[in-house]
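Notes follow once the structure below has been shown.
Keep in mind that the numbers below use all heavy atoms, side chains included, and drop hydrogens, waters and symmetry copies. Counting from 1, the numbers follow the sequence of the chain as shown.
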Amino acid sequence: MEMLPLIIVRGLLIGILVSAPMGPIGMLCIQRTLSKGRWPAFFTGLGAALSDVIYSLLTGFSLSFITDFITAHQIALQISGSVVFIAYALYLYRVSPTRTIAAPNIPANTYWKDFVTGFLLTFSNPLIVFFIITLFARFNFLVPEFMAYHYVVGYASIAVGAVVWWFFVTTAVSRVRSRFNTRSLILINRVLAIILILIAVYGIVTGVNDYLGHPLNFSISIL
């Protein structure tokens with residue numbers, strides 16, 4: 001039971017980080033918030049969150065060999081995953097999010113249709129699995145000593161983290177919709193990029209120290 005708080009925190013972080021990059025689904029949610037209101041955009045985000053959870057489950061269970069591989073190569077994966085974080089963060093920092101999706105021409109519809117379009121847009125990008133694998137390795141999310149209830153709590157935390165992210169995005173955009181512009185999207189990407197770089201640097205430092213056999217006693221142990 002003492003592992004549950006740590007699993008919850010890591011699951012929340014994974015859910016947020018999987019959802020956070022301002023790609024096509026992020027642009028669609030923001031555009032729907034500006035044009036149709038907060039709740040249609042939120043249900044679009046819920047559809048994306050469901051897709052992320054499904055891919056997380058496929059990563060954790062359908063690809064069960066990943067557990068043994070991560071356990072055997074934990075330090076190497078932590079360092080290489082951190083390098084991937086840095087590369088992805090640099091891409092986020094430089095890319096213009098408005099290039100990834102054209103302005104939508106979507107009539108008013110039900111929340112269910114918003115949910116389905118969000119799900120399909122996100123599910124159509126299976127490459128997200130590689131990002132999820134990187135996150136699982138970085139946060140040591142799959143370990144042999146986990147019991148069934150650990151995984152239930154962990155995946156539920158991923159779902160909650162994704163939902164919290166879309167609730168935050170749609171609420172924030174709704175409150176500043178009169179002042180929201182392209183520069184705001186770029187700022188979100190750059191703030192996220194900086195956060196990823198900080199996490200990556202921490203991962204590289206701790207990974208190198210573990211490899212050398214002289215781990216440092218950092219005060220932040222959840223990462």
Rounded to the nearest 0.5 Å, what separation is found between the CD1 atom of I132 and the OG1 atom of T59?
4.5 Å
With rounding to the nearest 0.5 angstrom, report the CD1 to CD1 distance, I204 to I86.
4.0 Å
Going from CZ on F141 to CD1 on I133, what distance comes out if it is rounded to the nearest 0.5 angstrom?
14.0 Å
How far apart are the closest heavy atoms of C29 and A41, and which atoms are they?
O-CB, 3.1 Å
When F119 is tested against each of D114, D52, I25, I54 for side-chain contact (heavy atoms from CB on, under 4.5 Å), which residue passes?
I54
Would you call F136 and R10 a side-chain contact if the rule is heavy atoms closer than 4.5 Å?
no
Keeping the roles fixed (side chain from R38, backbone from T33), state whether a donor-acceptor pair exists under 3.5 Å.
no
Determine whether I8 and V153 make a side-chain contact, defined as any pair of heavy atoms from C-beta on separated by less than 4.5 Å.
yes
Would you compute the distance between atom OH of Y155 and atom OG of S56 and round it to the nearest 0.5 angstrom?
7.0 Å
With a 3.5 Å cut-off and no angle check, do the side chains of T117 and R32 form a donor-acceptor pair?
yes
Linked, directly or transitively: F168 and I30 (ILVMFWY side chains, under 4.5 Å):
yes
Looking only at heavy atoms, the pair that brings L50 and F115 closest together is CD2-CZ, 3.6 Å
With a 4.5 Å limit on heavy-atom distance, are the side chains of T170 and T44 in contact?
no
Once the angle between the rings of Y111 and F43 is folded into 0 to 90°, is it parallel (under 30°), tilted (30 to 60°) or perpendicular (over 60°)?
parallel
To the nearest 0.5 Å, what is the distance between CD1 on I14 and OG on S19?
11.5 Å
Which distance, rounded to the nearest 0.5 Å, do you find between the CG of L6 and the CZ of F139?
11.0 Å
Does L58 share a hydrophobic cluster with I128, counting links as ILVMFWY side-chain heavy atoms below 4.5 Å and allowing steps through other members?
yes
F123 vs Y55 aromatic rings, parallel, tilted or perpendicular, using cut-offs 30° and 60°?
parallel
Can V152 be reached from M147 by stepping across I, L, V, M, F, W or Y side chains whose heavy atoms are under 4.5 Å apart?
no
Working note: F42 + T171, criterion side-chain contact (heavy atoms from CB on, under 4.5 Å); need CA distance, chi angles, decisive distance, verdict.
CA-CA 9 Å; F42 178 67; T171 301; over 6 Å; no
Would you name the heavy atoms of A48 and T122 that are closest together and state the gap between them?
CB-OG1, 3.2 Å
